[in-house]
Protein chains: 2
Amino acid sequence: MPNYSERGGSFPPGPNNARHAFLDETDRLIVRMLQADARTPNNAIAAAAGIAPSTCHGRIRSLQERGVIRGFHADVDPAAVGRGLQALIAIRLHAHARANLTEFENYLAGLPDVESIFFVTGDRDFLIHVAVADSAALRDLVAANLSLRPEVAGTNTTVIFEYVRPTERSPSA
Amino acid sequence: MPNYSERGGSFPPGPNNARHAFLDETDRLIVRMLQADARTPNNAIAAAAGIAPSTCHGRIRSLQERGVIRGFHADVDPAAVGRGLQALIAIRLHAHARANLTEFENYLAGLPDVESIFFVTGDRDFLIHVAVADSAALRDLVAANLSLRPEVAGTNTTVIFEYVRPTERSPSA
DNA sequence: AGTGAAAGAACCAATGG
DNA sequence: CCATTGGTTCTTTCACT
């Protein structure tokens, strides 16, 4: 399946090779508006920035090419899709397993309930944010998919009462 | 500034009152595709789902009205906009300050460097994910904006080496 | 880089199965 | 609840400044 964010063009599919982006004030405004609402019409952004729609379009494309904008995603309420329980799970690995962290990280990324993965300093190696159906699903996730893994030395689960992403709830940034 | 995700219509601007989220297989496919790439054309989603474009469009609108899809946002690389250092900060509040958590949470949400806020169980009250320019900015954030707050009993900062959101890097889900 | 104009695509409401 | 149609708006490319 093609990626339609890139439908018009042929810019690098990879994460990015970007030389460090120099964003002027116009670029920053565009980024802010698209962060607040990815469906803001190009027209409207152009008007807000005081430039022509075609110019604005070109800048947005450039921002994607440079990796400043990595993609556009729908923000889906986990509870609405049957995942009403969220948790943070701290994971400590065995010392010998730290050689190939990438492999374990890919494994985590492949688990369907994982929302995000933090690879961190300190006494824990990973912290993952998960959204599951209920406490039974959480137990199963920890017991079957984490604790049983040979590289996992231990886990520590914290239930999330509320989760907020400020940028995602202020459409008029 | 208007919210252009709602340009055509008049559905509730609030978070949502919707209880009824019965998603059939078609709805789930739509949600998955828009989660992977919010700019997937309506036509393409309709084709993938085997329904007419107008029907598909109506379903997407309905999903927004019901609060299943909360919005569409550009995924911006923090490092590309001058915020190359990410951290997790655990915050413990004084017992007497737990009366109005919402106020403190709104305060956190208003800090420009805060990416997300977790209100959690356990010995910590909040865990916030921040993206800042450098370690000096991180120090200032913790010292000036958190530790000095009267309701804050203590903080614990963990630097993030890597942060991944699995759904956001698989455009062809 | 920025612009204007024109072709193509997507959106949205109304209508009918 | 779903499909078809048609008017309107947005996107995207291109020749030019």
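The sequence lines fix the lettering, A, B, ..., with proteins before strands; numbering per chain opens at 1.
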Protein-nucleotide distance (N43(B), atom CG; dG8(C), atom P), rounded to Å:
16 Å

What integer distance in Å separates I30(B):CD1 from dC1(D):P?
13 Å

Nearest-Å distance, CG (D24(A)) to C1' (dA1(C))?
10 Å

Rounded to whole Å, how long is the line connecting atom CG of N42(A) with atom P of dG2(C)?
13 Å

Do R66(A) and S62(A) have side-chain N/O donor and acceptor atoms under 3.5 Å apart?
yes

Provide, to the nearest angstrom, the distance between the CZ atom belonging to R66(A) and the C1' atom belonging to dA1(C).
12 Å

Candidate list T157(A), L88(A), I89(A), test side-chain contact (heavy atoms from CB on, under 4.5 Å), partner I128(A), passing option
I89(A)

Does a side-chain N or O from R39(B) land closer than 4.0 Å to OP1 or OP2 of dA10(C), or not?
no

To the nearest angstrom, the NE2-C1' distance between H57(A) and dT13(D) comes to 9 Å

R61(A) has an atom CZ; how far is it from atom P of dG2(C), in whole Å?
16 Å

N100(A) side-chain N/O to T102(A) backbone N/O, donor-acceptor pair under 3.5 Å
no

What's the closest nucleotide to the T55(B) side chain, out of dG2(C), dC14(D), dC2(D)?
dC2(D)

For DNA chain D, produce a single dot-bracket line, 5' to 3'. Pairs: Watson-Crick or G-U wobble, both distances under 3.5 Å. Symbols: ( ) within strand, [ ] crossing, | other strand, . unpaired.
||||||||||||||||.

With a cut-off of less than 4.0 Å, is there a side-chain N or O of R59(B) near OP1 or OP2 of dC1(D)?
no

Rounded interatomic separation in angstrom, taking CD from E65(A) and P from dT12(D)
13 Å

